[in-house]
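Given the structure is predicted, the values throughout are model-derived calculations rather than measurements. Below, chain A is the first sequence line, B the second, and so on; all start at residue 1.
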Amino acid sequence: MMPEISLNILDVAQNSVAAGSMVTTIDIAADAAADRLTISIIDEGKGMTPEQVAQVTDPFYTTRTTRAVGLGVPFFKMAAELTGGRFDIKSAPGAGTTVTAEFGLSHIDRMPLGDIAGTFTALVGTAPELDFVLKYSADGRSFIADTREFREILGDVQLSEPQVLSFISEFIRENREECDAGASI
Amino acid sequence: MKSLAELAKLREQMQSEVNLRHDSASDTRVVVGMATCGIAAGARPVLSAFVEEVSRRQLKNIMVTQTGCIGMCALEPIVEVTAPGQDKITYVKMTPEKVSKIVSDHLVNGIPVTEYTVGAQQ
C-alpha cells in the first residue's frame with residue numbers, strides 16, 4: 001500500500017511515460033456534495049489490448065521481464081475500492097489509456113491525496129522532454145498546470161532546471177491551497 | 001500566490017546562465033530508483049529534496065533523474081550518484097534528511113558519504 005494517493009498517481013503515470021505518451025494528463029476532482037474524489041490519468045501512449053487490460057489489475061501480471069509481479073495498478077485499484085469507490089481502465093492499442101479511480105471522499109479508509117506537487121515535479125523533472133498537465137478542481141474552484149504553457153514562457157530555459165521545478169512545485173502548492181479552501185483533500 | 005509572470009521573471013534571470021552551460025556529458029548524475037518499491041519506501045520526497053537542495057544552492061551541471069527498480073527493493077529508496085571521472089556510488093535506505101549531506105560532501109566537494117552507501121549496510 002502507498003501512504004498517499006499522489007504516490008499511486010506517480011506510479012501509474014510512470015506507466016504512461018513508459019508507454020511513450022507525449023502528453024499525460026492527471027485530472028483530480030473533489031466533489032463534497034457527491035462525496036467523491038475522482039482521479040484520472042489520461043495518456044496518449046501505445047495503449048493496451050483487451051487481454052492486457054484484463055490482466056493489468058492482477059498483481060502477478062507485469063510487462064517486466066526481471067520478475068513476475070507488478071503492483072502499481074493493483075495498489076491503486078485496491079485503494080479506491082476500499083473506500084466504496086470504483087476503478088476503471090479504458091484502453092486500445094494506438095489510442096492511449098485512461099485510468100480512473102473514484103474514492104469515497106469522506107470514507108475513513110481514504111488516504112489523503114498528499115503531495116501532488118511533488119508527484120508532478122517528479123514526473124516533469126525526470127521526463128522533461130514530455131508534457132504533463134495537472135487539472136485540479138475542488139467543489140468548482142480549479143486550476144491547471146500545463147508544461148506546454150510553462151515551456152512557452154521558458155523559451156530555451158529547460159523545464160528540468162531545479163529552479164524551474166521548484167517554481168512549478170510552489171505554483172501547484174499555492175493554487176491547490178486556494179482551491180481546497182481549508183478542506184482536507 | 002505564484003503566477004506565470006514570476007516564471008517569466010525566473011526565465012530572464014536564468015537565460016544569461018543558459019549560454020554558459022556546457023554539454024551534459026560533464027554533468028554529475030543523481031539517479032533515484034522510482035519503481036513501485038522505491039515509491040512505496042519514500043523515493044519521491046528524496047527526489048524532491050535533491051531538486052530543492054540543488055536549486056537552493058544554485059548548483060550547475062547536476063542532473064537529478066530517476067530510473068526503475070534497481071533490484072534491491074529491501075534497501076530502497078536507493079540513489080546512485082555518478083560524478084564525471086569517478087566510480088558510481090550507491091546510497092541506500094535514503095531519507096530527505098540525508099540529502100543535504102550528500103549534496104554538500106559528494107556533489108559539491110567530491111567526497112562520497114561512506115556511511116550511507118550500500119557497502120556500509122553489511
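Partner A:L134 forms a side chain to side chain contact (heavy atoms under 4.5 Å, CB included) with one of A:I144, A:N175, A:I28 and no other, that one being A:I28. Exactly one of A:D11, A:T121, A:T119 qualifies for a side chain to side chain contact (heavy atoms under 4.5 Å, CB included) with B:R44. That residue is A:T119.
Contact record, A:V53 with A:S91: CG2-CB, 3.8 Å, taken as the closest heavy-atom pair. In terms of heavy-atom proximity, A:G72 sits nearest to A:V12 at O-CG2, 4.2 Å.
At a 4.5 Å heavy-atom cutoff, the contact between B:I39 and chain A is made by backbone and side-chain atoms alike. Both the backbone and the side chain of B:V51 come within contact range of chain A, judged by heavy atoms closer than 4.5 Å. For chain A, the nearby part of B:L10 is the side chain; its heavy atoms alone come within less than 4.5 Å. In this structure, chain B has heavy atoms under 4.5 Å from both the backbone and the side chain of A:F150. Heavy-atom distances place the side chain of A:Q14, and not its backbone, under 4.5 Å from chain B. For A:E4, the part sitting under 4.5 Å from any heavy atom of chain B is the side chain, from C-beta outward, and nothing else.
B:M63 and B:V31 are members of different hydrophobic clusters when ILVMFWY side chains are connected at heavy-atom separations under 4.5 Å.
Proximity of a side-chain donor or acceptor of A:S16 to a complementary backbone N or O of A:S21 within less than 3.5 Å is not detected.
Interface summary for chain A: among B:E12, B:M34, B:R56, B:E53, the most heavy-atom pairs under 4.5 angstrom belong to B:M34. For chain B, the option among A:I168, A:V164, A:D115 with the highest count of heavy-atom pairs below 4.5 Å is A:D115.
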